[in-house]
Amino acid sequence: MARDRLKALEERTRYDPHEVEGLVFARWEEAGIFHPEPEESADENYSIALPPPNVTGALHMGHALNGSVQDACVRLARMRGRRTKWIFGTDHAGIATQVKVEEALAAEGKTKEDLGREEFVKRVWRWREEHGSRINDQYKRLGASLDYADERFTMDDDYVRAVMHVFVQLFEKGLVYRDNYMVNWDPGTRSAISDLEVVQRKVEDTLYLIEYPLESGSGSVTVATVRPETMLADTAIAVNPSDERYSRLIGEAAILPLVGRRLKVIADEYVDPEFGTGALKITPGHDPNDFEIGREKGLEEVTVIGEDGRITEAAPERFQGLAVDEARRAVVAALREEGLISGTQPYVHDVPHSQRSGRRIEPLISLQWFCDMTELARPAIEVVEKGRIRFHPESPWTDVYLRWLREIRPWCISRQLWWGHQIPAWYRADELYVGERPPDGDGWERDPDVLDTWFSSALWPFATLGWPGDTAEMRAFYPTDVLSTARDIIFLWVARMVMFGIEFTREIPFSDVPIHSVIQSPEGKRMSKSLGTGIDPLDEIESHGADALRFGLLAMASTQDVRYSAQRVKQGEDLANKLWNASRLILLGASEDRAPSAATAETVEDRWILSRLEHTTREVTELLDGFNFSPAALRLYEVFWSELCDWYLELAKPRLYSENNTAVSGVLLHALQRSLVLLHPVLPFVTEEIWSFLPGERGLLAIAQWPEPNDGLIDAQAEKQLGRVIDAVTELRSYRDAVGAKASAQIPARLLADGYDEASRGQIARLARFEFVADERADGDVLATLPIPGGAVQVLPSDAFDPQEGERKLAAKREQLRGEIERGERKLAIKGFVEKAPPEVVEEERRKLEEFRRALERLGR
RNA sequence: GGGCGCGUAGCUCAGUGGGAGAGCGCUCGCCUCACACGCGAGAGGUCGCUGGUUCGAACCCAGCCGCGCCCACCA
């Protein structure tokens, strides 16, 4: 049967991912190897929690890279025999999902208010049922070995219970509280948002200079503002205490124009005398700084801009109901009329905007839920300082993380949305009840707000495993091992998981945090669908194969942002094809009865390739363990392509095609098997497919054993010996190319060098297409003497090429050698170098100089 | 305003103190019985600029010029 399958290989000269990927994935799923039973302890087992994609989402390049990274880790662990779980699930993604469903409603001409809250939430669930499985299929296309059989969602009943539990616990501890406080109000989503959801954008504004008449009637104070409409809520004027221009005014009062309120002039260090006029209008209701000064000084807080973005009744009647920008024009006009605007100037500055809606943030005082983070941050700082959680690379992410946590501020966790975890707080008159279950009695009304999505995300590594229950899953897979992500959510998510993980499970949620590149568009822009700069990973899988995309992403990614490189993906595609064809050569040529495990070296090149494979095994294992995916992928490419295919396979062919090919078959099959194993975490599909053609009974490659490097096969002598053969062949090929010898012509020559046995001579001759003849002609006939390790090759006359060309090539070679010799001599003549450089460096320099001198000698002149 | 990072071959990027590397692209020669998504041989770089440390600098230090990111309450 295996033979019949092999037969079919003869026809398939190209690797076709389409034929293979779907079937291979089905084999993995049928075998159930992605779903581990919850047994043993987390120490023995291995787990990673996938950063949950949005239910609304489609796989983008970031997912594809992060998926490739995690899958490499997970597959490596699984092959090491660890019970391995890659936790799969999706995030309800409050705002993003709500907006999406609202858009769908809008297409029907409806708003969410038309449906009402309950109906709207039902609608979102229905939306999720229809679209939620798309992302699963996309991860499967990538080859991700996630535990699809045990999928989680942040709105599952169990998960909701965990979120409620956490909220209540934090409330009871006094860390979660409700307060009237300055928040970032997003007029777009009509919700408060956290500091992390705010982005600064440069905006061109006008700075207005406004005269505030003094109560005493002795003139006025001039203040500067870019938001004249907020003057309606001014409750003080502040100057710097050391500012002599104003010291006489401190304690006096001014009259707020248009409103008539009496404003005390106060002193505060915060005011910069250099900026504007040095006098600052204080608006505690609409400016974060003023808010803090106001709370400190006990100033009145007036709110003139409401959550609907319109002027409130706290303002004079003529402005009430106006939108903010209308109000600004009206206020400026009114002030102008009274001659109170003494100047304007253009002013460019950073202004906070909502990352979600893009609208300008309206800072205002609002009754919201907050979480005090200081106490939670302390242990989260400590575990990273002590190295119990390590970022990879350590610099700069460790410092970035620590700096943020050390200056952490309260987190506004309530959102004025309908889709999400509704806050478990109930109100009745002045009473407040917070609990996991609704309160007894009548008349209670539940807080309509939901929690920030990141609040529930912070529980992901343990709430997915059944916490707060004491489950077998928790025991088997928590703490997890690795958390892989790009840097953009280190604060939003990683730090919060660490804080909540330690607080609620008394364990760190993971121990290693590899931070990978952000992939930009080929033009260096952000990859974004709306900008049209996105490249769809599924398109890439479709046209190049999942293995190609995975290799490409891992190879191009490093620690800094990189531009998407189609060439790297192409390189991966070529590698898959190369692997396929090298396998055809080996599988179709090897003698039937050899098992790959029975490799016995017969020749120097056998010992060489076995040795190289052990080196590579050690190297690649170390690179992967250190989360250095790009060097690992490129190293595998190089070893497989150059060393195995270009050299070993070419050297092995004569023996493979001969009668007695048993020994070489064993080595070839071993080399192929080892290559497949090492490449599998990067190229799972093509390696699994080829694996199924290897002779003998074997299970799936995905659960085959990852090798321990065998130092017994390291053979420095064979490596040195074959290195000489390779150098000699390269030297002779270069010569024949330079002199324009016909590709098919054999060049007669004498090999005069030590350390080459009969087999080596034959190999050099065959690979360089030289014909080494016995010593029968006089030296005068020699056209050229080519230095090779341990001696030289004398080229004899023939009609293979024009000798003139040969002479030119030799002249160039001599020139090059003279340059090298001169360089070496100059270096060794420097006293400081010989005296201060390490002896082995000096020795190496002398050795090379000698070698160059000998080579030049052989070339003549 | 503070912090971090980047500037290396035409392009995209590796390389952290002892003779400049990869993939793609380019040039030349090959359909050599695994692969033309291939094989062989090449060309191509004052490693942003200026100083400094060192016997020796792409690599360490300082300054400058460009580009990017993160954090931050100067109206």
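Nothing here was measured: the structure is a model prediction, and the numbers come from that model. Residue numbers start from 1 in every chain, and the chains themselves are labelled A, B, ... in the order their sequence lines are given, proteins ahead of strands.
Contact of A:K836 with B:G56 (side chain to base): no donor-acceptor pair of N or O atoms is detected under 3.5 Å. Under 3.5 Å, the side chain of A:K570 and the base of B:C24 form no donor-acceptor pair of N or O atoms. No hydrogens or angles were tested; on distance alone, nothing pairs the side chain of A:D737 with the base of B:G29 as donor and acceptor under 3.5 Å. Side-chain N/O atoms of A:R733 and base N/O atoms of B:G40 include no donor-acceptor pair closer than 3.5 Å.
No contact: A:P631 has no heavy atom under 4.0 Å from any strand. Backbone-only contact: A:W641 has heavy atoms under 4.0 Å from sugar-phosphate atoms and none from a base. Contacts of A:R736 with the nucleic acid, taken as non-hydrogen atoms under 4.0 Å apart, are absent. Across all strands shown, A:R584 has heavy atoms under 4.0 Å from sugar-phosphate atoms exclusively, and none from any base. Here A:F291 lies out of heavy-atom contact (under 4.0 Å) with every strand.
The A:F491 side chain lies nearest to B:C71 when the options are B:C55, B:A34, B:C71. For A:K578, whose side chain is taken as the heavy atoms from C-beta onward, the closest listed nucleotide among B:G5, B:C74, B:C39 is B:C39. Which of B:A75, B:G3, B:A34 sits closest to the side chain of A:L280 comes down to B:A75. For A:F275, taking side-chain heavy atoms from C-beta onward, the closest of the listed nucleotides B:C74, B:A14, B:G18 is B:C74. Side-chain proximity of A:Q567 to the nucleotides B:A75, B:G18, B:C11 is greatest for B:C11. Distances were taken from every side-chain heavy atom of A:S734 (C-beta onward) to each of B:G42, B:C30, B:G40; the shortest belongs to B:G42. The side chain of A:A224 sits closest to B:A75 out of B:A75, B:C35, B:G23. Picking from B:C37, B:C73, B:C71 the nucleotide with the shortest atom distance to the side chain of A:R14 gives B:C37. Each of B:C39, B:C35, B:A22 was ranked by its minimum atom distance to the side chain of A:N577; first place goes to B:C35. Set against B:C35, B:A75, B:C37, the side chain of A:D574 has B:C37 as its closest nucleotide.
Side-chain N or O atoms of A:E845 include none that pairs as donor or acceptor with a backbone N or O of A:K827 at under 3.5 Å. Remark: side-chain polar atoms of A:R736 are not paired, donor with acceptor, to backbone N or O of A:F801 under 3.5 angstrom. Judged purely by atom type and a 3.5 angstrom limit, A:T283 has no side-chain atom pairing as donor or acceptor with the backbone of A:H286. A:N577 contributes no side-chain N or O that, together with a main-chain N or O of A:R14, makes up a donor-acceptor pair within less than 3.5 Å.
Base pairing of B:G29: its partner is B:C39, meeting the Watson-Crick or G-U wobble criterion (both donor-acceptor distances under 3.5 Å). Summarising the base pairing, B:A14 is matched to no nucleotide, lacking a Watson-Crick or G-U wobble pair whose two defining distances lie under 3.5 Å. Across all strands shown, B:C67 pairs with B:G5; the Watson-Crick or G-U wobble distances both stay below 3.5 Å. Pairing partner, B:G56: none, since no Watson-Crick or wobble contact has both distances short of 3.5 Å.
Nucleotides B:C59 and B:U8 place their P atoms 14 Å apart, quoted to the nearest Å. Comparing the P positions of B:A43 and B:G21 gives a spacing of 12 Å, expressed to the nearest Å. Annotation: B:G23 and B:C64 have their P atoms spaced 39 Å apart (nearest Å). A gap of 31 Å separates the C1' atoms of B:A58 and B:C71, to the nearest Å. B:G5 and B:A75 have their P atoms separated by 28 Å, given to the nearest Å. Atom name C1', nucleotides B:C47 and B:A9: the rounded distance is 10 Å, in whole Å. Nucleotides B:G51 and B:U12 are separated by 32 Å at their C1' atoms, to the nearest Å. With P as the reference atom, B:C6 and B:C61 are 11 Å apart, rounded to whole Å.
In this structure, A:R563 reaches the B:U12 phosphate: one of its side-chain N or O atoms is under 4.0 Å from OP1 or OP2.
In this entry the distance linking CD1 of A:I830 with C1' of B:U54 reads 12 Å, nearest Å.
A 4.5 Å side-chain heavy-atom check between A:D547 and A:Y15 finds at least one atom pair inside the cut-off.
In plain terms, the two heavy atoms of A:R328 and A:R227 that are nearest each other are NH2-NE, 3.9 Å.
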